[in-house]
Amino acid sequence: MLDLRLIREQTDLVRESLRRREAEIDLDRILAEDDKRRTLQSEIDELRRQRNELAHSMKGRRPTEEERTRGRELKEREPALETELRRVSETLDAHLQEVPNLVRPDVPAGTGEDAYIEVRRWGEPRQLDFEPKDHVALGELHGLFDFETAAKVTGQKFYFLRNEAVLLELALVRYALDRALAHGFTLLQTPDLARREVCAGAGYNPRGPERQIYTIEDEDLALIGTAEITLGGIHQNEILDAESLPLLYCGLSHCFRTEAGAAGRATKGLYRVHQFTKVELFAFTHPDESDAMHEKLLTIEEEIFQGLEIPYRVVKLCAGDLGAPSARTYDIEAWMPGRGEGGSYGEITSTSNCTDYQARRLNIRFRDPGTGRPRFVHMLNGTAVALSRTPIALLENHQQADGSIVIPEPLRQYAGIDRIG
RNA sequence: GGAGAGGUGGCCGAGCGGUCGAAGGCGGCGGUCUUGAAAACCGCUGAGCGAAAGCUCCGGGGGUUCGAAUCCCUCCCUCUCCGCCA
């Protein structure tokens with residue numbers, strides 16, 4: 001959520017940001033609704049002032065019949081105005097929620113992959129003297145995934161992990177947790193469900209046609225799409241000590257995605273699924289520190305994939321492709337030899353600086369020691385490992401001519417095996 | 001799931017129809033004292049909206065009343081005990 005005052009006082013700045021996102025948002029309508037809301041609020045304030053004045057004037061004595069009548073009259077005029085205010089506020093709020101975050105100045109304008117900036121590449125895709133298999137074929141060869149049985153038991157885009165795939169998943173989790181720990185993160189295993197309000201605060205709308213997450217019938221709960229939701233909710237409605245910042249959390253959870261709208265998109269196997277495990281990095285920072293923290297999260301992500309010897313490139317997303325809460329997003333795209341014709345890069349992590357967008361909605365502030373007043377913190381998130389896509393890159397990059405897979409060194413102590421097949 | 005107790009400012013905690021945006025303490029800020037620091041003492045110190053006047057907020061929502069942190073209803077949450085269970 002953006003600050004209404006910012007929209008009001010620096011309309012051009014907001015307009016320019018929306019233009020770079022190519023987002024169609026009617027700011028003038030929002031400004032008009034805000035105007036109306038404030039007018040109504042003033043009228044109600046005036047009415048209440050009169051009511052308070054009357055009540056205070058008769059402290060400690062019995063009111064006369066005339067005063068009672070006057071009090072009743074004032075009270076009766078309020079509900080209509082309040083109803084109107086509520087209606088206007090709800091409309092305004094709904095429209096305000098649709099306004100995405102202000103993008104950082106270095107983010108390129110436009111939409112689509114052509115507008116991305118490739119920041120750097122790391123590692124060279126291996127030159128193979130054999131035809132590489134994709135992870136689905138490798139999984140079949142070694143009995144690692146069972147999509148058919150999962151479809152029978154649960155549905156499309158679910159899977160059973162089998163045998164070494166289970167060991168690999170747990171090893172990757174453990175490896176990622178240790179990396180996070182080394183960087184000073186507090187480890188958390190979070191609930192897999194969260195209140196709908198918290199989900200909405202993080203920018204995941206549990207309602208409406210564009211909902212990305214599952215809701216629980218008859219409960220005020222949703223299955224989380226990412227631990228970003230539960231981690232972000234930790235400090236909801238709190239005023240933090242400035243000295244406690246930055247707060248670094250690393251959360252392990254399952255993630256559930258409806259993938260509504262993604263139907264028909266050609267994605268095989270584990271690339272796009274309804275449930276997966278993920279280790280997520282999260283930071284609450286001082287507003288002046290968030291850009292530096294964003295680079296740090298990216299560095300940790302890169303370190304993780306360098307350790308796994310998976311070639312990748314880092315891209316900075318263009319404004320039009322950012323999620324609504326994000327002011328800047330870097331994706332790591334891993335080289336996937338089995339993807340497309342002759343291999344291609346596929347998204348494997350994503351880290352975003354959401355600045356104060358989520359903090360405003362979740363009401364997470366810190367006390368500024370200079371002024372003594374509360375300010376919104378900045379909130380950032382980044383994938384450590386997503387246990388759907390990381391195995392894809394791992395299996396495909398480390399496959400051998402005979403179809404066996406070499407487990408990269410840092411994972412062996414956790415997995416207890418050094419190869420599959 | 002059942003019974004009871006409770007949810008108040010950054011934190012702890014009083015208040016139980018008007019004198020309450022809220023005692024007291026802790027913490028924080030400023031000062032006196034001190035070579036400096038600590039201790040002691042004095043003062044200031046909740047948040048939001050609004051250009052301002054002012055208005056709102058004592059878990060959420062609703063009600064009673066001229067007037068509600070205080071009374072009633074309801075929901076949520078926490079704690080204690082019981083039940084169930086991995």
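Below, read A as the first sequence line, B as the second, and so on, with proteins coming before strands; counting in each chain starts at 1.
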When all nucleic acid strands are considered with a 4.0 Å heavy-atom cut-off, which category describes A/P374: base, sugar-phosphate, or nothing?
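The residue A/P374 makes sugar-phosphate contact but no base contact.
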Report which part of the nucleic acid A/R70 touches: base, sugar-phosphate, or nothing (heavy-atom distance under 4.0 Å, all strands).
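Nothing, no heavy atom under 4.0 Å.
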Please list, by residue number, the residues of residues 2-11 of chain A whose heavy atoms come closer than 4.0 Å to an atom of RNA chain B; answer none if no residue qualifies.
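Output list: A/R5, A/R8.
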Of residues 37-52 of chain A, the positions that come close to RNA chain B - non-hydrogen atoms, cut-off under 4.0 Å:
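Correct list: A/R37, A/R38, A/D45, A/R48, A/R49, A/N52.
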Among all residues two or more places apart in sequence or in another chain, which pass the side chain to side chain contact (heavy atoms under 4.5 Å, CB included) test with A/N163?
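Once residues adjacent in sequence are excluded, A/N163 has no partner under the side chain to side chain contact (heavy atoms under 4.5 Å, CB included) criterion.
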For A/T111, enumerate each residue passing the side chain to side chain contact (heavy atoms under 4.5 Å, CB included) test, keeping only those at least two apart in sequence or located in another chain.
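Expected list: A/E22, A/D321.
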All N/O donor-acceptor pairs, side-chain side in residues 413-421 of chain A, below 3.5 Å, sequence neighbours left out:
{"unit_1": "A/Y414", "atom_1": "OH", "unit_2": "A/D178", "atom_2": "OD2", "d": "2.4"}
{"unit_1": "A/R419", "atom_1": "NH2", "unit_2": "A/S404", "atom_2": "OG", "d": "2.7"}

Give me each pair satisfying salt bridge (charged side-chain N to carboxylate O under 4.0 Å, His left out) with a member in residues 285-297 of chain A, each pair once, sequence neighbours excluded.
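Residue pairs passing salt bridge (charged side-chain N to carboxylate O under 4.0 Å, His left out), neighbours aside: A/R104-A/D291, A/D291-A/R328.
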Pairs where residues 273-283 of chain A contributes a residue and the test salt bridge (charged side-chain N to carboxylate O under 4.0 Å, His left out) is met, not counting sequence neighbours
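Every salt bridge (charged side-chain N to carboxylate O under 4.0 Å, His left out) pair that includes a residue of residues 273-283 of chain A, provided the two are not neighbours, is A/K278-A/E280.
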So A/E33 and A/H95, side-chain hydrogen bond (donor to acceptor under 3.5 Å, both in side chains) or not? Walk me through it.
CA-CA 9 Å; A/E33 285 163 354; A/H95 291 148; 3.0 Å; yes
A/F256: partners by ring pair (Phe, Tyr, Trp, His ring centres under 6.0 Å), with sequence neighbours left out
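So A/F256 forms no ring pair (Phe, Tyr, Trp, His ring centres under 6.0 Å) with any residue.
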Would you please name every residue forming a ring pair (Phe, Tyr, Trp, His ring centres under 6.0 Å) with A/Y357, sequence neighbours left out?
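With sequence neighbours excluded, A/Y357 shows a ring pair (Phe, Tyr, Trp, His ring centres under 6.0 Å) to no residue whatsoever.
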If the condition is side-chain hydrogen bond (donor to acceptor under 3.5 Å, both in side chains), which residues does A/R195 pass it with, not counting sequence neighbours?
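So A/R195 forms no side-chain hydrogen bond (donor to acceptor under 3.5 Å, both in side chains) with any residue.
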Can you name the salt bridge (Lys or Arg N to Asp or Glu O under 4.0 Å) partners of A/R72, sequence neighbours left out?
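For A/R72, no residue satisfies salt bridge (Lys or Arg N to Asp or Glu O under 4.0 Å) once neighbours in sequence are set aside.
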Stems where RNA chain B pairs, listed by first number, each of three or more Watson-Crick or G-U pairs under 3.5 Å
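Consecutive-pair runs (3 or more) involving RNA chain B: B:1-7 with B:76-82, B:10-12 with B:24-26, B:27-32 with B:40-45, B:46-49 with B:54-57, B:59-63 with B:71-75.
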Selected nucleotide, minimal atom distance to A/R86 side chain, candidates B/G10, B/C66, B/G62:
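Comparing B/G10, B/C66, B/G62 against the side chain of A/R86, the answer is B/G62.
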